[in-house]
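Right, one structure below, let's go through it.
Just so you know, these numbers use all the heavy atoms, side chains as well, and skip hydrogens, waters and symmetry mates. In the text below, chain A, chain B and the rest are named by the order of the sequence lines, each starting its count at 1.
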2 protein chains.
Amino acid sequence: MPHAKFDTIYRDLREKIEDGDYPFQSFLPSENTLTSVYGCSRNTVRRAIAGLIERGYAQAIRGKGVRVLYRKGQQSAFSIGGIETFKESAARNHLHTTTRVVRFEMIEADDALAARTGFRAGTPLWRIWRLRILDGRALILDKNLFRADLVPGLTRAIAEDSIYQYIEQTLHRTIQTSKRRMTVEHATREDAKYLDLGDYNCLAIIESQTFDENGSQIEWTQSRHHPERFAFEDTATRRPHA
Amino acid sequence: MPHAKFDTIYRDLREKIEDGDYPFQSFLPSENTLTSVYGCSRNTVRRAIAGLIERGYAQAIRGKGVRVLYRKGQQSAFSIGGIETFKESAARNHLHTTTRVVRFEMIEADDALAARTGFRAGTPLWRIWRLRILDGRALILDKNLFRADLVPGLTRAIAEDSIYQYIEQTLHRTIQTSKRRMTVEHATREDAKYLDLGDYNCLAIIESQTFDENGSQIEWTQSRHHPERFAFEDTATRRPHA
DNA sequence: GCCGATTTGTCCGTATGTATC
DNA sequence: CGATACATACGGACAAATCGG
């Protein structure tokens, strides 16, 4: 639950920025002002602002203030930012989607797989392949590996719905950190079999390792995306010669 | 200069993790311990740890400790993380590289360009295209637009060396925030003309808007990457139903 | 160029809450 | 239950950068 005070302030500021109350290139009220507005300490205000900066909404300028960098209408629709499930991002964009499970089995990690995915060899795993279909077009092939001992009781029906929802709401386990790596690769015959690639001969690949609340790697996933409808957004800050 | 105490501690911890002093899945010393080790307040230790978490080195588990998520040998060589210049990342990977300037001119932003890049219409801009050649292969085509009033005195020679270096060391202006967007697109005839694409018909595209220390947009860049040698890494954390 | 007011950046010490063991 | 560990919040101090007079 986001009951933390700094988070409430962050959301409030973000909303005001998105609504244009603080337009592009304007300055937020000073930290001291916000401190009295929200009735909290300066540190708390600073944490809220840090969140804005981290997500590209603003930029702090020492001695001057905090300048808004968010510009209305320059955001993309179907983008990948935090950890968001397919179902969630589809809902956010009002898209009609279906999922087809094309593979569902239990395997054991061998040495090659272990080296590639980060699991220990011998770990029992669910291997699940799912085809994501948006508006009738097969656009994403998800290849998941879940640790079978951490995600017991999986079924095809759950896989067709939402595995994350099952993990969080039924198993009461929490997804916390995800390390991702984005590349572009040649499409294989397999990709062509499942996906409506058109004349593209490449795909966007996202590989990720996901860790639960105990720091155990619970999942490895490779998402093979049709190049259209794929975007990845990011904000970076430059630090003194690293 | 990274004189900040929290940054020194961050670097020290990161180095110890990379060296294997704190191996994968182990716990860091507790915050209280680190407080006395480094002779600083707990807040400062926490800021250092926050840096590790943000960059995927570790994960905090309340009531237990801070677990290391970094695994040796699972990092990629030529990846894009913070704001790093072409020269810097090439040097970091011990690659022999050259840059060829294929376009160098001054233009004025029209409405279409303004909408796409975020500059105001009428802004005078340097338009610079540069071909990045690694080990004899043309792999990246960089299309830069710099605000001419903020980056005066550019020459072809500077563009062949490093524009960022010129901006930072000669103009004493600071690059601070960069908003990026990664997509995959069809290769055009132009791409084929400049890049050694082989049989790929797609490229990885990174578009970015860069802001200087005053929050002025100083640059818009589109980098067109050969799919090989391209990787983008990221760490995300999941927050309660956003 | 200097000075003082304003604003962000860093750091400290303390208190309290919450989760783990 | 108590000890330990991380999470949040407060208030205060000083540094560094900006800006206007």
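A/Arg46 comes within 4.0 angstrom of a nucleotide base, judged by non-hydrogen atoms across all strands.
Salt bridge absent: B/Arg181 and B/Glu207 never bring a charged side-chain N and a carboxylate O closer than 4.0 Å.
For the pair A/Leu34 CG and C/dT7 P, the interatomic distance rounds to 11 Å; values are reported in whole Å.
Between B/Ile9 and B/Leu34, every side-chain heavy-atom pair lies at or beyond the 4.5 Å cut-off. Contact of the A/Thr123 side chain with the A/Arg147 side chain is registered, since non-hydrogen atoms from C-beta on lie closer than 4.5 Å. Between A/Ile107 and A/Leu145, some side-chain heavy-atom pair lies under the 4.5 Å cut-off. A/Arg14 is listed as a side-chain neighbour of A/Leu52, based on a closest heavy-atom distance under 4.5 Å.
Remark: A/Glu105 pairs with A/Arg103, A/Arg127 by the side-chain hydrogen bond (donor to acceptor under 3.5 Å, both in side chains) rule, at least two apart or across chains.
The ring of B/Phe232 has its center closer than 6.0 angstrom to the ring center of A/Phe232.
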Exercise. Which parts of nucleotides 12-21 of chain C does protein reach within less than 4.0 Å, heavy atoms only, written one letter per nucleotide 5' to 3' as B for base, S for sugar-phosphate only and - for none?
Worked result: BB---BSBSS
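Between atom NE2 of residue A/His225 and atom CG of residue A/Asp142 there is a gap of 6.5 Å, rounded to the nearest 0.5 Å.
The partner of D/dC1 cannot be assigned: no Watson-Crick or G-U wobble pair with both contacts below 3.5 Å exists in any strand.
Running 5' to 3' along DNA chain D, contacts with non-hydrogen atoms of chain A at under 4.0 Å begin and end at D/dT8 to D/dC19.
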